[in-house]
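For the numbers below, each heavy atom of this structure counts, side chains included, while hydrogens, waters and symmetry mates do not.
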Amino acid sequence: MKKPVVFCAVNKLAVSEEMFSLLNEKTELIYLDKKVSNNELVDMIGDAEGLLMLGHRIDKRLLDAAPKLKAVSTLSVGFDSFDIEEMKRHGVVGLNTPDVLNDTVADLIVALMFGVGRRICELDNMVRQGQWKNRPFYMNFGHELSHKKLGIIGMGRIGETLARKVIAGFNMKVSYFNRTRKKAVEEELGVNYLTKDDLLKDSEYIVVIAPLTEETRGMIGKREFSLMRNDAIFINAGRGPVVDENALIEALQNKQIFGAGLDVFEKEPISEDHPLTKIPNIILLPHIGSITVECREAMARVAVQGLIDYLNGKTPANLIPFFKE
Ligand code: GLV
């Protein structure tokens, strides 16, 4: 049987050795041994029926250049670079990597909550710079996690996993705000639904883990930061553009909130002279929510196997619901 033609637009190290071999075995693979740019992808996609990618724009320009394309599989749970309507018009479906990263991302969020609450990076830096000897302990006060109020903005699978962990581990009181209410989750976990404003006013820790959509873009801005408590710890581990970065910088500079932990930014990567790098109680990470050996292997398995299955006439479990009807 003729093998489907698949374009792999990411470096094979991002796919894992095992899954890259599987792609080689089961497909007619086009691979350039590097991450391919959007422009290169448009020029080279040609007759590919499947595309494995990460962060590439799947828009009209690409779709027009790929008349045989049937499926695009992203090595991520987020699929904000997909133009869903345009993909549907072209008869192309999208696959992502749900579920396998829930624990991994939730764990990193807990690390950021602790990191900012106890000022881990800031104080580590202080010790390295030889300033401990002149510094009384009361300058190092942080905030606890146990028994505190956490507000989660975006109660998807990762939000739920986070709620479960911090309730079991730290007895946190968890509230959430979400586009749709999750009554079953409320009942099962004892979490509380609040309006966005009430959640912002009440929470000691605020975690944004909402996907980027037209509805969520810029949903946390100047007004939202002004509602937060002065001891609030703000974490964004979803997508950068959900938060107005200038408003966040202003809130931190004016000490409107206690600190922030960011794994995502409006434009990635940020440079070393970005204004955020000048603020002390803030942790900046290079979008590593799912970047563990275990998780990336699992994500590659889901992305690659789903693509191969779809191109062989099966309906994989990781077909994005928008493409199901
Ligand atoms: C990471 O940001 C992902 O969407 O998987």
Side-chain angles (χ1 to χ4, degrees), residues 77-78 80 98 102 105-106 109-110 112-113 116-117 143-252 254-266 282 289 321-322:
V77 70
D80 39 282
N102 296 349
V105 179
I109 293 172
V110 175
L112 283 171
M113 289 164 65
V116 180
H143 289 287
E144 313 222 340
L145 221 59
S146 297
H147 311 288
K148 291 291 179 103
K149 290 186 272 189
L150 164 66
I152 301 177
I153 297 184
M155 197 56 149
R157 291 169 288 236
I158 297 172
E160 257 180 63
T161 306
L162 174 66
R164 231 176 235 115
K165 283 177 194 275
V166 299
I167 291 168
F170 306 109
N171 264 309
M172 291 189 90
K173 296 178 208 55
V174 179
S175 303
Y176 77 100
F177 169 70
N178 199 56
R179 187 168 49 95
T180 52
R181 229 176 129 162
K182 302 269 179 96
K183 289 265 172 64
V185 178
E186 287 173 34
E187 255 161 57
E188 188 202 331
L189 300 181
V191 300
N192 190 20
Y193 175 84
L194 291 178
T195 64
K196 184 174 85 171
D197 285 5
D198 284 345
L199 179 147
L200 296 172
K201 284 182 204 157
D202 194 48
S203 303
E204 289 152 314
Y205 288 81
I206 296 166
V207 168
V208 177
I209 186 70
L212 177 62
T213 63
E214 277 327 301
E215 217 178 308
T216 63
R217 188 180 291 277
M219 78 185 282
I220 307 294
K222 202 174 163 67
R223 191 188 76 83
E224 284 72 22
F225 284 110
S226 75
L227 297 176
M228 294 179 196
R229 303 162 52 121
N230 290 130
D231 61 355
I233 289 165
F234 179 78
I235 310 291
N236 186 7
R239 283 290 183 268
V242 173
V243 176
D244 174 345
E245 221 158 74
N246 287 331
L248 169 63
I249 292 167
E250 215 179 288
L252 288 161
N254 299 339
K255 302 208 183 320
Q256 253 171 278
I257 60 173
F258 181 77
L262 305 174
D263 189 38
V264 291
F265 302 86
E266 265 179 20
I282 171 164
F322 289 116

Look at the side chain of [X] and the backbone N and O of [Y], then say whether any donor-acceptor pair between them is shorter than 3.5 Å.
X: Tyr205; Y: Met172; result: no
X: Asp263; Y: Gly289; result: yes
X: Asn230; Y: Gln256; result: yes
X: Glu160; Y: Arg157; result: no
X: Thr216; Y: Val242; result: no
X: Lys165; Y: Ala106; result: no

So which atom in [X] and which in [Y] form the shortest heavy-atom distance, rounded to 0.1 Å?
X: Glu266; Y: Glu245; answer: N-OE2, 2.7 Å
X: Leu150; Y: Val166; answer: CD2-CG2, 3.7 Å
X: Ser203; Y: Ala232; answer: O-CB, 4.2 Å
X: Glu144; Y: Lys148; answer: O-CG, 3.2 Å

Answer yes or no: is there a side-chain heavy-atom contact under 4.5 Å between [X] and [Y]?
X: Tyr193; Y: Lys183; result: no
X: Phe234; Y: Glu224; result: no
X: Ile233; Y: Glu204; result: no
X: Glu250; Y: Asp244; result: no
X: Ile257; Y: Leu252; result: yes
X: Ile167; Y: Val191; result: yes
X: Val110; Y: Leu162; result: yes

For Arg179, I'd like to know if atom CZ has over 12 heavy atoms of other residues, nucleotides or ligands within 6.0 Å. no
Roughly how far, to the nearest 0.5 Å, is the NZ atom of Lys196 from the CZ atom of Arg223? 6.0 Å
Only one of Ile206, Ile249, Val243, Leu200 forms a side-chain contact (heavy atoms from CB on, under 4.5 Å) with Phe225, so which one is it? Val243
Could you check Ile209, Ile152, Val207 and say which one makes a side-chain contact (heavy atoms from CB on, under 4.5 Å) with Ile158? Ile209
Salt bridge present between Lys149 and Asp202 (N-O < 4.0 angstrom): yes
